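In what follows, a structure is listed as structure tokens, so that the remarks can point back to it.
All heavy atoms count here, side chains included; hydrogens, waters and symmetry mates do not. Per chain, numbering begins at 1; letters A, B, ... match sequence-line order. Predicted model, so just to flag it, every value in this text is computed and none were measured.
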Amino acid sequence: MLRLPPFSYHRPATLDEAVSLLGEHAGDVLPVAGGTDLIPNMKHRLFEPGHLVALRGIAELSGIRRENGCLRIGAAETLASVARDADVKKHVPSLADAAAHVAGPQIRNAATLGGNLCLETRCTYYNQTAFWRGALGYCLKKDGTVCHVTKVGKKCVAAHSADTPPVLMTLDAVAVLEGPRGRREIPVRDFFVADGIANTRRETGEIVIEVRIPLESSSRRAAYAKLRQRNAIDFPLLTVAVSVDLEDDGSTVRSITGVVTALGSRPRELSGWGEVAEGHALDEDVVWELAERAYKQCHPLENIIVDPDWRRAMVPVYVRRALEKLRA
Amino acid sequence: MPPATEIVTLMVNGDRREVGVPGHYTLLEALRYGLGLTGSKQGCDKGDCGACTVLMDGEPTLSCITPIREADGRRIVTVEGLGTARGPHPLQDEFDLHGAAQCGFCTPGILCSAAALLARSTNPSREEIREALSGNLCRCTGYTKIYEAVEAAAARMRDNG
């Protein structure tokens with residue numbers, strides 16, 4: 001049995017009200033949408049805010065529609081509705097695919113796209129009860145001073161474990177945030193920082209309100225591949241998102257992007273792919289060379305209890321699988 | 001100071017019920033400790049295992065991670081509300097006939113997930129059944145008998161129109 005710590009639950013009807021509630025209780029408040037990440041974390045005493053501001057039920061955060069050349073997805077749309085939405089499936093099918101493969105059906109009925117963007121990083125030594133963590137003297141990320149993964153480091157290496165952000169990066173999506181200082185936009189590519197303790201540029205008091213995906217990226221081919229132990233429920237051990245723009249001949253690569261995550265604290269955009277693939281067809285040799293480049297750049301740590309050597313060995317396999325989907 | 005009690009109104013299994021619980025309770029705690037509906041199980045209690053699954057406005061929902069205020073005024077169906085002793089839900093009958101429950105701990109959650117599936121379609125493929133139940137862990141039976149029971153219940157619901 002895991003009890004929640006006490007809190008006051010606020011259910012604002014508007015975005016303005018939500019932002020001012022977050023300001024009013026600053027330092028002792030967190031926003032909560034689906035709660036599938038935060039509520040278990042609160043049960044583990046990783047967060048103990050005196051106030052929660054609920055984002056479900058705020059009309060401005062819902063809706064999926066085409067607008068000004070973009071597909072606009074309200075941040076409080078559930079992963080289930082993203083996965084089954086006709087426009088998402090038609091224009092950005094790799095996003096529908098990634099959303100459909102998060103956890104299990106009940107989680108997807110509650111978890112939101114905004115929440116997936118802001119998913120707390122995960123680690124073997126962090127996602128545990130207070131009792132478990134205390135028995136080990138806590139860890140660098142929460143209540144302690146030592147990282148049990150690296151033993152020596154002063155940097156938290158908890159894993160970014162969300163499925164949709166790498167896909168959103170390959171689609172040039174933009175996150176829109178609302179906060180006490182107004183509204184701002186951050187490309188999802190620039191949203192994450194390599195710090196396991198706080199790995200996004202979202203500031204305290206800010207809420208992700210929507211995600212915009214430029215529709216020109218719908219002529220782009222994109223795909224997604226995910227490694228996990230079971231085909232449901234589990235967080236990813238590795239995910240790969242890829243996208244490619246082809247020249248008018250329909251076979252020569254104009255540009256190509258690959259993003260790998262669930263290894264380090266932020267999604268990693270793979271470098272050196274352009275020089276391998278651009279100007280060539282995406283044939284088998286090119287695919288194997290891209291996979292090899294990915295392998296060289298990825299160095300997973302034991303932040304998840306799964307052999308890091310095996311996770312690394314799976315990098316080229318899953319890169320090839322994602323690229324094969326593009327060729328299909 | 002103990003946390004304040006809040007009165008929450010739930011439409012549980014067709015009845016309007018008011019329950020007074022601390023505001024930081026989950027829906028599962030309100031059902032089990034406020035209303036005595038202990039059919040929904042407290043398993044992992046952190047949203048992994050699916051034993052606490054209930055239907056909220058028809059959608060399979062993990063009651064152990066649903067803050068009680070999110071359930072205020074919503075339509076909740078628990079395993080107790082799927083059928084009666086004299087008139088069990090076809091799923092309950094077929095789980096019995098197929099031996100699809102062993103220890104039974106996961107069964108209430110699985111029945112709720114399966115009931116939501118059969119409310120959408122009485123002709124689901126094996127793959128759709130697997131997908132619909134993929135958020136519910138069973139550690140006893142393996143899933144074959146469970147899938148067969150769901151298929152049999154679906155067939156019976158088709159026959160009964």
Side-chain angles (χ1 to χ4, degrees), chain A residues 1-12 30 32-57 76 78-81 83-84 100-111 115 127-129 132 228 230-235, chain B residues 1-6 8 21-29 32-33 41-74 109-110 112-114 116-117 127-128 130-137 143:
Chain A
M1 185 183 290
L2 294 167
R3 307 310 283 266
L4 280 165
F7 54 81
S8 300
Y9 199 78
H10 306 270
R11 295 180 78 198
L30 287 173
V32 59
T36 55
D37 186 35
L38 180 60
I39 299 294
N41 284 350
M42 286 175 66
K43 288 186 165 195
H44 282 163
R45 300 300 186 271
L46 299 170
F47 297 93
E48 298 180 71
H51 300 267
L52 288 180
V53 175
L55 305 179
R56 290 191 252 205
T78 64
L79 295 173
S81 47
R84 67 173 169 250
H101 286 87
V102 173
Q106 299 98 316
I107 294 278
R108 293 192 294 273
N109 284 342
N127 298 96
Q128 304 287 354
T129 61
W132 193 105
R228 54 181 166 175
R230 301 173 290 198
N231 279 327
I233 301 175
D234 291 337
F235 280 91
Chain B
M1 197 178 71
T5 295
E6 295 181 26
V8 178
V21 290
H24 65 284
Y25 262 36
T26 61
L27 171 58
L28 179 64
E29 288 166 331
R32 289 180 61 89
Y33 309 125
K41 297 295 179 241
Q42 201 159 10
C44 72
D45 217 8
K46 58 191 180 75
D48 289 338
C49 76
C52 69
T53 302
V54 300
L55 304 181
M56 188 155 82
D57 292 341
E59 293 277 4
T61 300
L62 297 170
S63 61
C64 78
I65 56 169
T66 302
I68 184 59
R69 290 279 305 285
E70 289 296 337
D72 204 351
R74 309 280 291 273
I110 291 191
C112 286
S113 288
L117 171 70
E127 194 46 41
E128 284 166 330
R130 287 166 59 92
E131 170 61 31
L133 302 186
S134 64
N136 294 82
L137 291 179
Y143 295 86

_Region of B/Cys44 that comes under 4.5 Å of a non-hydrogen atom in chain A_ = backbone
_Separation of A/Ile39 CD1 from A/Leu2 CG (nearest 0.5 Å)_ = 12.0 Å
_Atom group of B/Glu29 that falls short of 4.5 Å from chain A, counting heavy atoms_ = side chain
*asked:* If I measure from the heavy atoms of chain A, does B/Thr53 come under 4.5 Å with its side chain, its backbone, both, or neither?
replied: side chain
*Looking at residues at least two apart in the chain, or sitting in another chain, which of them share a side chain to side chain contact (heavy atoms under 4.5 Å, CB included) with A/Arg11?*
A/Tyr9, A/Ala54, B/Arg69, B/Glu70, B/Asp72
*Any sub-3.5 Å donor-acceptor pair from A/Arg228's side-chain atoms to A/Asp234's backbone N or O?*
yes
_Quick one, B/Thr66 with B/Ser63, criterion side-chain hydrogen bond (donor to acceptor under 3.5 Å, both in side chains). Give me CA distance, side-chain angles, the key distance, then yes/no._
CA-CA 5 Å; B/Thr66 302; B/Ser63 61; over 6 Å; no
*Contact origin within B/Ala116 toward chain A - heavy atom pairs under 4.5 Å*: neither
*Under 3.5 Å side-chain donor-acceptor pair for A/Asn109 and A/Gln106*: no
*What part of A/Arg3 lies closer than 4.5 angstrom to a heavy atom of chain B: side chain, backbone, both or neither?*
both
